[in-house]
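Note that the coordinates shown come from a computational prediction; the quantities given were computed from them, not determined experimentally. Start at 1 with the first residue, then count along the sequence.
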Amino acid sequence: MIGTLVRLKLTLLRNGLRRSPWQVVAFVVGVLYALFIVATVGGALVALRFADLDVAAPVVVGVGTLAVLGWALIPLVAFGVDETVDPSRFATFAVPRAQLVPGLLLAGLVGLPGAVTLLLSLAGAAALSRSVPATALAVVAVVVGTLTAVAASRATTTAAAALLRARRTRDVAVLVGGVLIVLLGPGINLVAQRVEDGLDDLAALGRDAAAVAGWTPPGLAWAAAADAAAGRWGTALLRLLLALAVLAAVLGAWALALGRSGTGPAAGGGGPARTTAGGGGLLDRLPSTPAGAVARRCLLYWRRDPRYLVSAASVAVLPLLLLVLPLSAGGDPGSWFLAAGPLAAFVTGWSLHDDVAYDHSAFTLHVTAGVRGRDDRAGRLLAAALWQVPLVLVLTVIGALVAGRADLLPALTGASAALLGAGYGVSSVASALTPYPVAPPGGNPFSSPRGAATATLLVQLVTTLVVALLALPALAALLVALLWAPWAGWIGLLAGTGLGALWVWLGLTRGGALLDRRAPEVLAVVSRS
C-alpha cells in the first residue's frame, strides 16, 4: 500500500502537467526556484564542512529546528498543504491507518517542497560529516527530522481542521494559531538584532539557542547529528531515539486526527445549522433582493464556515502584531498603532479576491438561477462591509489616539478608505477574472487543492500590488501628513474616500460584467478541489 500511494502521487502529478500548458510553465518555474534555493542554501550548508564544529553545529541545529516549525505552523496561515493524495478519498476503501499514514507521509515527500527539504537536510548532514560513523548517523538523523517536519504539517492542519468543525473551539483554535505565527516573526527579528552586538555575542547566542533547541522535539534529530560529529555518541544515540519517539508520536497524532476528519465520518458542527434568523436580527433587515440573498448567505459563512474564520483570524491578530513588533523593530511602541486602520483595511478588502471560490459547487445555483454578476458582487461586498467597515473605523481611531496623533486622523481615515475600497474593487474583478480553487466546504481549511499553489501565489501577488497602486494617492498624502504637514491629511481624506468609492463602483460594474460572461468558466474552476 505504501508503494501504491507513492506511485499514485507521481501519477497524479504527471497527469496534472498534461492538463494545461500553464501547469507545465508553473512547474518549470517552481523547479528553477527550487534549484536556486538548493544551490544557495545547500551550498552554504556544505561549505560549513570546512568550518569549525562550534560554528557548523549551531547553524545546522537552528536551521533544522526552524524547518520543522515552519512545516508545522506555516500551512495553518498560508499556502496550506498539498492534498494531491487526499486522505478523505480513502474513507470508503477501509485502508488500515497503519498503512495509510506511512504511505501518505512518503507521498508528502514527492513534490518540490519535500524534495527541497530533503536535499537541504542532506546538505546539513554533509556539514557535520567529520567521520564515517558520524556521517552515517547524521544521514539517518536528518532523514528522521525531515519526515518529522512533513508529518507535523499534516498533523497540525488535520487536527486544526477537526477542531474547527466544533463550533465551540474553532474560534479559540484560530486565534491561538494566529498568535503563535505573529510571535514567530518578531522572535526571529530579536535574534537578528543581536548581529549588531558583534560576532562573538552572535556566536554565543547561537550556541545557547542551539543547546536549548537540541532538547526540544523539533531539534532532537539535528542535535543528534551534531553530537555524533563531536564524538558524544551516548548523547547522540539518546537524542536519536527520542527523535524517533517524537516522529512516532506525531504520526500517531496524525492518525487520530484522520479518524475525525479524513478516514471517518466528519465531526458534527454542533447541531443543525439555522438557515434563518428571527427576532429582527441583521439577516432579516437585509433587502429582499438577489444581492440581499447573497449577502445573507455570505454572512452565515462569516459566522460558521471554518474557512472564513481562518481568513478573519488574520484581522483578529493585528492588534497583537502591533504590540509585539516594537519589541523587534524598535521605535516608539505607540507610533506602530498608526498602521492599525490602514493595515486592517488592506487585509479585509484584499481577502475577498477569491471569495466566489468558497461557494464551491453551490455556485451552480447562481448560474442556473441567472443571478446577475453585479448582484453577486454587491451581495458579497455588503456582507463583508457590514462588519469590516466598522472594524476599520474603530482601529483607525484607536490607532491615532494610542499614538497620540489625533491630527493624523483625517489622513489615516483617507488611507483606510482608499485601501478598503481598492481591495473591494480589485476583489470584485479578480474573483471573476482569475479565480483559483480552495478547500471545499467541510474539508480541511488549511489544504491547497492539487495544482492551485502556483496560481494562488501569482494571483495574490498581483492583486496585492494592484490594491497598493490604486490607493497610492491617499497613501502619499498620509506620508506627507506624517512627515511634514498634518493639514495634508484633509486632502488625503477627500482623495481616499473618493477613490475608495470609485474603485468599489468600478469593481461592481466591471466585475459583474466579467462574471456574467465568464460564469461557466468560473464554475468549472471553483468546483475543483
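Within the model, atoms CG of L478 and CG of L482 stand 6.0 Å from one another, a figure rounded to the nearest 0.5 Å. Between the SG atom of C298 and the CG atom of L386 there is a distance of 11.0 Å, given to the nearest 0.5 Å. The CG atom of L493 sits 10.5 Å away from atom CG of L412, with the distance rounded to the nearest 0.5 Å. From L401, atom CG reaches atom CG of L409 across 7.0 Å, with rounding to the nearest 0.5 Å. Considering CH2 of W387 and OG1 of T348, their distance stands at 6.5 Å, rounded to 0.5 Å. To the nearest 0.5 Å, atom CG of residue L408 and atom OG1 of residue T413 are 10.0 Å apart.
Considering only heavy atoms from C-beta on, P113 comes within 4.5 Å of W71 through its side chain. Within the 4.5 Å cutoff, side-chain heavy atoms of L499 are placed close to those of P473. Side-chain contact between T464 and F346: present, with at least one pair of heavy atoms (C-beta onward) separated by less than 4.5 Å.
Scanning for salt bridge (charged side-chain N to carboxylate O under 4.0 Å, His left out) contacts around R372 gives D375, with sequence neighbours left out. Annotation: ring pair (Phe, Tyr, Trp, His ring centres under 6.0 Å) contacts of Y301 (sequence neighbours excluded): Y308.
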* Asked: Passes side-chain hydrogen bond (donor to acceptor under 3.5 Å, both in side chains), S361 versus S527? Steps please.
  -> CA-CA 5 Å; S361 59; S527 298; 5.7 Å; no
* Output, in order, the C-alpha distance, side-chain angles, deciding distance and verdict of side chain to side chain contact (heavy atoms under 4.5 Å, CB included) for R296 and S288. => CA-CA 10 Å; R296 287 188 185 92; S288 298; 4.0 Å; yes
* Asked: Does the pair D359 and H366 meet the rule for a side chain to side chain contact (heavy atoms under 4.5 Å, CB included), with working shown?
  -> CA-CA 10 Å; D359 286 6; H366 289 233; 4.0 Å; yes
* Take S427 and R380, measure what side-chain hydrogen bond (donor to acceptor under 3.5 Å, both in side chains) needs, and give me the verdict at the end. => CA-CA 10 Å; S427 296; R380 296 178 190 276; over 6 Å; no
* **Trace of the side chain to side chain contact (heavy atoms under 4.5 Å, CB included) decision for L300 with R297** => CA-CA 5 Å; L300 292 175; R297 181 165 55 83; 5.6 Å; no
* To do: Take W350 and V426 through the test side chain to side chain contact (heavy atoms under 4.5 Å, CB included) and record every step on the way to the result.
  => CA-CA 8 Å; W350 173 85; V426 170; 5.9 Å; no
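Across D354 and Y436, no two heavy atoms sit closer than the pair OD2-O, 2.7 Å. Across A474 and A415, no two heavy atoms sit closer than the pair CB-CA, 4.0 Å. Heavy-atom minimum distance, A519 versus F363: O-CE2, 3.9 Å. A pairwise comparison of heavy atoms in L112 and A34 identifies CD2-CB, 4.3 Å as the closest pair. For the pair A400 and L338, the tightest heavy-atom approach, listed with the atom from each and the gap, is CA-CD2, 4.1 Å. The minimum heavy-atom distance between H360 and P440, with the atom names listed, is NE2-CB, 3.6 Å.
The six-membered or imidazole ring of H353 lies away from that of Y424, with a centre-to-centre distance of 6.0 Å or more.
Applying the side-chain hydrogen bond (donor to acceptor under 3.5 Å, both in side chains) rule to pairs touching residues 493-512 yields nothing, sequence neighbours excluded.
The main-chain N or O of A345 is never found under 3.5 Å from a side-chain atom of S416 such that the two would form a donor-acceptor pair. Checked by atom type and distance alone, the side chain of R377 pairs as donor or acceptor with a backbone atom of S428 at under 3.5 Å. Between the side chain of D516 and the main chain of G373, a donor-acceptor pair closer than 3.5 Å is present.
V356 pairs in a side chain to side chain contact (heavy atoms under 4.5 Å, CB included) with only one of the listed residues (V522, V438, V525), which is V522.
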